[in-house]
Number of protein chains: 2
Amino acid sequence: MITAHLHKLRQRTHVSADEEQAIRNSVAETRSVPAGRVMVRCGEPLSHSVMLLEGWMARVKDLEGGARQVTELHLPGDFVDLHGFTLKRLDHDVVALTDSTVGLVPHGRLREITERLPRLGRIYWFMTNVDAAITRELVLSLGQRSAISRMAHLFCEICRRLEIVGRGTEHGCDFPLTQRELSECLGLTVVHVNRTLQELRRRALVELENRQLTIRDRAGLEALAEFDPAYLYLDQHRL
Amino acid sequence: MITAHLHKLRQRTHVSADEEQAIRNSVAETRSVPAGRVMVRCGEPLSHSVMLLEGWMARVKDLEGGARQVTELHLPGDFVDLHGFTLKRLDHDVVALTDSTVGLVPHGRLREITERLPRLGRIYWFMTNVDAAITRELVLSLGQRSAISRMAHLFCEICRRLEIVGRGTEHGCDFPLTQRELSECLGLTVVHVNRTLQELRRRALVELENRQLTIRDRAGLEALAEFDPAYLYLDQHRL
DNA sequence: GCCCCGATGTAACTCATGTGAATCCCCCTC
DNA sequence: GAGGGGGATTCACATGAGTTACATCGGGGC
């Protein structure tokens with residue numbers, strides 16, 4: 001269950017047996033979460049962090065008029081609120097997009113890790129910095145990329161991130177979001193998401209049907225998106 | 001010189017005498033940097049982090065066609081690339097927007113801090129997480145706020161952040177960006193920045209002249225922006 | 001088998017923002 | 001004080017994306 005998380009870490013750096021044991025011991029409890037549930041609520045005091053074992057979640061920020069923006073999508077193996085360990089409360093909600101399974105990690109255990117296994121502490125610091133890099137790339141998308149390039153970029157990113165945890169291939173992956181949720185990720189309206197999706201299909205780049213993403217022309221898609229995975233920091237790091 | 005940085009930290013948490021000493025000792029060298037210089041270049045291997053002592057800098061990401069997006073503005077007291085300590089290379093450039101002074105902090109000394117002063121390590125982890133929160137708020141702006149609300153939000157944020165380090169008041173602050181740079185922060189064209197600026201002036205909310213920002217109606221500005229400073233985490237934290 | 005309801009698909013029209021110039025205005029320099 | 005250059009401003013026009021309104025599809029409940 002926790003293997004996705006370990007895959008994700010080992011993609012980026014060595015994890016010793018000691019460190020792996022500490023990670024396993026850090027999960028105090030696992031829980032099922034139904035789709036739609038608010039897993040972590042904006043502003044509430046936090047005493048543990050949530051490791052996503054199975055399913056998809058999203059960090060969302062709302063505006064008064066009802067507008068909603070997804071700030072980051074979370075896939076199996078991600079900590080959805082590791083930053084909550086130092087921040088102690090979040091500036092956004094975390095909601096389950098699908099039925100999910102999570103592991104709860106008490107902040108006390110994370111704190112011990114920073115005291116007893118400073119290297120593992122740096123690994124987790126690193127992982128929050130990778131989250132931040134993903135968010136910066138989204139800023140670039142929202143600020144400068146056209147709707148179609150933006151959507152292409154999201155597909156490239158998600159598929160690549162799923163590959164790492166053994167849930168996607170170069171030809172596609174599960175993609176359980178509705179067009180409404182997709183629109184909240186991309187800063188577009190549902191109608192325009194629909195148009196853009198059709199344009200991607202018309203250009204024979206991707207197909208999205210039945211919550212399944214099929215990539216027909218990966219090179220073409222990545223070119224359209226100007227996708228460069230460097231910001232995911234997928235190579236090995238000394239930490 | 002380093003006082004802005006200490007102010008910024010002490011706004012958020014207690015810093016002991018020991019910790020303060022470690023911070024002061026961490027700066028190996030100070031340097032002057034002219035406006036326009038690329039301080040840290042995307043992708044280059046890093047061996048130290050840069051603390052901004054005086055002046056403004058920006059993290060920028062470029063697209064092939066020449067489009068450029070600022071992902072975060074940096075003010076005196078900020079580390080511009082503390083995340084580089086764990087990432088080892090950046091996914092963006094850092095450029096000086098004004099003549100600046102910086103302190104260089106070798107990664108070795110940061111590493112020692114995580115080993116010998118784990119609490120100070122957590123404080124710095126916390127600070128990178130605050131940077132990430134600022135970036136998330138920008139995602140919300142770019143994805144959902146209108147041009148005028150987006151610009152109002154930026155003014156609210158910058159002024160508040162400058163107040164903390166003693167360089168702004170509730171009535172305004174220095175604002176040395178050109179309209180082009182402003183457009184790169186907001187994901188707008190220069191022309192539309194100009195229009196929007198005039199609309200803000202017409203509504204008697206702010207005035208921007210001679211690189212000086214004057215806030216005429218703070219409550220009105222914050223309402224227009226839906227500005228809630230919670231995401232800056234300005235209260236005291238136990239770390 | 002039928003009804004609901006959410007998700008998806010389409011079309012027509014509107015509007016915020018982008019494009020591409022031209023002009024103006026300082027401020028600097030020679 | 002003539003010339004130059006970057007920034008600011010303005011205008012006319014183009015367009016990508018939003019809005020509104022409806023039609024269709026498809027699965028789940030009864």
Side-chain angles (χ1 to χ4, degrees), chain A residues 34-36 56 63 65-69 95 97-99 141-154 174-203 206-214 224-225, chain B residues 34-36 56 58 63 65-70 95-99 141-154 174-203 206-214 224:
Chain A
W56 288 34
L63 244 30
R68 156 171 290 202
Q69 178 67 42
V95 307
L97 300 175
T98 69
D99 293 341
S141 271
L142 294 171
Q144 305 297 336
R145 280 192 252 252
S146 64
I148 195 168
S149 162
R150 209 184 292 176
M151 185 177 287
H153 194 278
L154 181 69
D174 280 358
F175 201 92
L177 303 200
T178 64
Q179 294 187 4
R180 161 138 306 283
E181 289 161 336
L182 200 43
S183 78
E184 290 165 355
C185 296
L186 298 171
L188 300 169
T189 55
V190 200
V191 174
H192 202 60
V193 162
N194 188 286
R195 286 198 277 248
T196 307
L197 225 27
Q198 287 178 44
E199 177 64 15
L200 282 173
R201 188 173 318 134
R202 201 190 61 72
R203 297 195 198 177
V206 307
E207 223 126 315
L208 181 57
E209 278 182 51
N210 280 331
R211 341 210 100 198
Q212 197 68 32
L213 179 72
T214 310
L224 173 59
Chain B
W56 287 36
L63 243 30
R68 156 170 289 200
Q69 178 67 41
V70 170
V95 307
L97 300 175
T98 67
D99 293 340
S141 272
L142 293 172
Q144 305 297 336
R145 281 191 253 251
S146 65
I148 194 168
S149 162
R150 207 183 295 174
M151 185 177 289
H153 194 277
L154 180 69
D174 280 358
F175 201 92
L177 302 200
T178 64
Q179 293 187 4
R180 160 137 306 282
E181 289 162 336
L182 200 43
S183 78
E184 292 166 351
C185 296
L186 297 170
L188 300 169
T189 55
V190 200
V191 174
H192 202 60
V193 161
N194 188 287
R195 288 197 274 249
T196 307
L197 225 28
Q198 287 178 45
E199 177 64 15
L200 282 173
R201 187 173 318 134
R202 202 191 59 73
R203 296 196 199 177
V206 308
E207 222 127 316
L208 181 58
E209 277 182 49
N210 279 331
R211 343 209 98 199
Q212 197 67 31
L213 179 71
T214 311
L224 172 59

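We name chains A, B, ... by the order of the sequence lines, and we start the count at 1 in each one. This is a predicted model, so every value here is computed, not measured.
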Using heavy atoms to find the nearest nucleotide of DNA chain D for A:R150 and B:R201 separately, return the residue whose nucleotide is more 5′.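 Nearer the 5' end of the strand: B:R201.
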Rounding to the nearest 10°, end axes of the helix from C:dG1-D:dC30 to C:dC30-D:dG1 built from five pairs each make an angle of 40°
Heavy-atom donor-acceptor pair, B:R211 side-chain to D:dG7 base, under 3.5 Å: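 By the distance-only test, no, there is no pair.
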Chain B on DNA chain C: first and last contacting nucleotide, 5' to 3', under 4.0 Å to a heavy atom?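 The contact span of chain B on DNA chain C goes from C:dT17 to C:dG20.
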How close do [X] and [Y] get, counting heavy atoms only, and between which atoms?
X	Y	value
B:A152	B:L224	CB-CD2, 4.1 Å
B:L208	B:R201	O-NH2, 4.0 Å
B:T196	B:I148	CG2-CA, 3.5 Å

Rounded off to whole Å, could you give me the [atom1]-to-[atom2] distance for the [X] and [N] pair?
X	N	atom1	atom2	value
B:Q198	D:dG7	CD	P	18 Å
B:L142	D:dA17	CG	P	14 Å
B:Q212	D:dA8	CD	P	15 Å
B:L177	D:dG7	CG	C1'	13 Å

State which residues pass salt bridge (charged side-chain N to carboxylate O under 4.0 Å, His left out) with B:R211; sequence neighbours excluded, sorted by chain then number.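 Residues passing salt bridge (charged side-chain N to carboxylate O under 4.0 Å, His left out) with B:R211: none at all.
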Among all residues two or more places apart in sequence or in another chain, which pass the side chain to side chain donor-acceptor pair (under 3.5 Å) test with A:R203? A:E199
Results of side chain to side chain donor-acceptor pair (under 3.5 Å) for A:H153 - residues two or more places apart only: A:E137, A:R145
Can you confirm whether B:T178 sits close enough to B:V190 that some side-chain heavy atom of one is under 4.5 Å from a side-chain heavy atom of the other?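 Contact flag for B:T178/B:V190 side chains = no.
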So do A:L142 and A:Q69 actually touch side chain to side chain, heavy atoms under 4.5 Å?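 The answer is yes, as the side chains (C-beta and beyond) meet within the 4.5 Å cut-off.
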CD-CG distance between A:Q179 and A:L188, expressed to the nearest 0.5 angstrom: 11.5 Å
Give a yes or no answer on whether the side chain of A:S141 reaches the backbone of A:R150 with a donor-acceptor pair at less than 3.5 Å. no
State whether the side chain of A:D174 and the backbone N or O of A:Q212 hold a donor-acceptor pair below 3.5 Å, judged by distance alone.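 Looks like no, no N/O pair under 3.5 Å.
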Positions of residues 186-194 of chain B (non-hydrogen atom under 4.0 Å from DNA chain D), listed by number: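 Here the set is B:V191, B:N194.
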